[in-house]
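Structure first, then comments.
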Protein chains: 2
Amino acid sequence: MRDDPTHLAEQVAVVLRHLVFLLRRYSAGQPLTSQQYGVLGSLEHGPRRMTALAEDHAVQLPTMTVQINRLEDAGLVARGTDPADARVRTVELTAEGRERLQNVRRSRIANLTRELAALTEDERATLAAALPVLAKLGRS
Amino acid sequence: MRDDPTHLAEQVAVVLRHLVFLLRRYSAGQPLTSQQYGVLGSLEHGPRRMTALAEDHAVQLPTMTVQINRLEDAGLVARGTDPADARVRTVELTAEGRERLQNVRRSRIANLTRELAALTEDERATLAAALPVLAKLGRS
DNA sequence: CACGGAATATTAGACAAGCTAAGTTAGTTG
DNA sequence: CAACTAACTTAGCTTGTCTAATATTCCGTG
């Protein structure tokens with residue numbers, strides 16, 4: 001009964017709700033929304049096309065168009081074109097976008113680090129061991 | 001270095017993003033939104049007042065008013081009044097609301113259970129051990 | 001090479017979820 | 001009792017998402 005998947009599932013469901021809640025609290029009051037930071041993150045390693053961004057974030061293309069419009073208005077990304085295919089629009093970080101991304105990432109990591117530092121070493125080890133398992137969920 | 005909080009924080013951040021993503025995918029296409037199910041869940045153990053619901057879900061009162069309006073229109077909750085204080089509106093599940101909540105919960109648990117069943121017993125144990133630690137995050 | 005279909009993106013229009021500010025009604029207190 | 005406070009609701013805004021419709025470009029076939 002200790003490792004009954006259904007029983008475990010109920011506990012996981014509770015914890016997941018807690019975590020979602022936490023994340024929402026973390027990102028309240030930031031200059032950009034978490035979705036927008038997510039998009040910036042996708043551009044970290046170079047330009048991407050609209051379709052790729054939409055797939056990355058599991059949204060429809062028009063949704064991504066709206067997001068990129070706003071980020072472009074804010075000067076954080078720039079649109080370009082693919083020389084090989086004029087239908088394709090590319091998107092890349094501006095210098096300011098890159099800076100913003102780094103700042104936010106640092107602040108997020110710092111927050112999390114503070115929370116993790118409050119745990120015991122055993123707890124951190126337990127958590128670290130579970131991360132690969134959590135990462136596996138949903139990949140099936 | 002293995003248990004350096006900053007390093008761990010980076011990994012946790014990645015996994016959390018993954019989990020949020022997962023949850024969003026789970027709740028796509030359901031008849032109600034996950035927020036609405038969340039509200040139904042808060043009513044499971046009896047009537048609550050608007051302020052209490054808003055606090056539960058960390059939203060402002062007007063947001064909760066809108067949610068309850070929709071759930072009331074859908075026949076899933078009913079508003080009442082507090083006999084001791086006429087300013088207070090209470091909200092409780094209707095029979096249909098309770099049924100809907102149970103259905104969704106069953107289906108969610110079933111989904112999660114299926115995913116967990118695909119793991120090895122060791123992985124489930126690792127996950128189970130980490131749940132209390134995850135639940136501790138953000139409580140500080 | 002012209003034409004039709006496929007691919008890429010944007011625009012338009014809808015809805016949910018959140019916010020703040022302002023309004024209403026009902027208790028509470030000097 | 002008048003003024004203040006508390007509990008909600010309403011109104012109006014922004015963001016994020018969707019689908020449907022449109023524009024533009026590419027490609028394959030006759």
Side-chain angles (χ1 to χ4, degrees), chain A residues 17 20-43 47-74 76-92, chain B residues 17 20-43 47-74 76-92:
Chain A
R17 288 219 323 146
V20 167
F21 205 77
L22 253 193
L23 287 181
R24 209 155 73 67
R25 212 182 56 191
Y26 274 166
S27 52
Q30 298 268 182
L32 293 186
T33 66
S34 59
Q35 281 83 355
Q36 291 175 316
Y37 287 125
V39 174
L40 292 186
S42 290
L43 297 172
R48 316 220 46 199
R49 50 165 64 192
M50 295 298 296
T51 22
L53 284 175
E55 271 172 25
D56 275 8
H57 295 266
V59 297
Q60 300 300 312
L61 205 35
T63 299
M64 192 49 70
T65 295
V66 171
Q67 295 282 25
I68 295 301
N69 284 346
R70 285 204 261 260
L71 288 171
E72 195 178 23
D73 288 349
L76 304 182
V77 307
R79 276 188 168 95
T81 50
D82 182 338
D85 186 339
R87 291 171 301 181
V88 173
R89 312 299 316 268
T90 58
V91 183
E92 63 188 321
Chain B
R17 287 220 323 147
V20 167
F21 205 77
L22 252 194
L23 288 181
R24 209 154 72 67
R25 212 181 56 191
Y26 275 166
S27 50
Q30 298 266 180
L32 293 187
T33 66
S34 60
Q35 281 81 355
Q36 289 175 318
Y37 287 125
V39 173
L40 292 186
S42 290
L43 297 173
R48 316 220 46 200
R49 50 165 63 192
M50 295 298 296
T51 18
L53 284 175
E55 271 171 26
D56 276 8
H57 294 266
V59 298
Q60 300 299 311
L61 248 194
T63 300
M64 192 49 71
T65 294
V66 171
Q67 294 285 21
I68 295 301
N69 284 346
R70 284 203 264 259
L71 289 171
E72 195 178 22
D73 289 349
L76 304 180
V77 306
R79 275 186 167 97
T81 50
D82 182 337
D85 185 340
R87 292 171 303 180
V88 173
R89 312 299 318 266
T90 59
V91 183
E92 63 188 320

Exercise for the section: Starting from P on dT10(D), measure out to CE on M64(B) and report it in whole angstrom. Expected result: 16 Å
Fill in the blank from the handout: Between CG of N69(A) and P of dT15(D) the distance, given in whole Å, is 12 Å
Exercise for the section: For residues V88(B) and T51(B), determine if any side-chain heavy atom of one lies less than 4.5 Å from a side-chain heavy atom of the other. Expected result: no
Fill in the blank from the handout: The answer to which of R70(A) and V59(A) contacts DNA chain D further toward the 5' end, by nearest nucleotide, is R70(A)
Problem - Carboxylate-amine/guanidinium contact D56(B) R48(B), below 4.0 Å - result: yes
Just the table, please: protein N/O against nucleotides 26-28 of chain D N/O, every pair under 3.5 Å.
from, atom 1, to, atom 2, distance (Å)
dC26(D), OP1, A86(A), N, 2.8

What donor-acceptor contacts under 3.5 angstrom involve side-chain atoms of residues 34-42 of chain A, with partners at least two apart or in another chain?
from, atom 1, to, atom 2, distance (Å)
Q36(A), OE1, T33(A), N, 3.2
Q36(A), OE1, T33(A), OG1, 3.4
Y37(A), OH, L32(A), N, 3.4
S42(A), OG, H57(A), NE2, 2.6

Handout entry: Closest non-hydrogen atom pair, E92(A) against P47(A)
Key = OE1-CG, 3.8 Å
Exercise for the section: Find out whether V20(A) and R24(B) are in side-chain contact, i.e. whether some heavy atom of one side chain is under 4.5 Å from a heavy atom of the other. Expected result: no
Practice task
Take atom CD of Q36(A) and atom P of dT17(D), then tell me their distance rounded to the nearest Å.
Solution key: 10 Å
Handout entry: Close side-chain approach of Q67(B) to V91(B), heavy-atom, < 4.5 Å
Key = no
Exercise for the section: Would you give the length of the straight line joining atom CZ of R87(B) to atom OG1 of T81(B), rounded to the nearest 0.5 angstrom? Expected result: 13.5 Å
Exercise for the section: Verify the contact: side-chain N or O of Q67(A) to OP1 or OP2 of dT15(D), cut-off strictly under 4.0 Å; return yes or no. Expected result: no
Exercise for the section: List in chain and number order the residues that pass side-chain contact (heavy atoms from CB on, under 4.5 Å) with E55(A), two or more places apart in sequence or in another chain; answer none if no residue qualifies. Expected result: none
Handout entry: Rounded distance (Å) that lies between atom P of dT17(D) and atom CG of D56(A)
Key = 13 Å
Close N/O contacts between protein and nucleotides 19-22 of chain D (under 3.5 Å):
none

Fill in the blank from the handout: chain B vs DNA chain C, heavy-atom contacts under 4.0 Å, first-to-last nucleotide span, 5' to 3', is dA16(C) to dG27(C)
Handout entry: Residues within residues 48-55 of chain A bordering DNA chain C, heavy-atom distance below 4.0 Å
Key = R49(A), M50(A), T51(A)
Problem - N/O donor-acceptor pair under 3.5 Å between T63(A) side chain and V59(A) backbone - result: no
Practice task
Can you establish whether the number of heavy atoms outside R17(B) located under 6.0 Å from its atom CZ is more than 12?
Solution key: no
Practice task
Rounded off to whole Å, could you give me the CD-to-C1' distance for the Q35(A) and dT17(D) pair?
Solution key: 9 Å
Completion exercise
Nearest heavy-atom contact between R49(B) and D82(B) is NH2-OD2, 4.0 Å
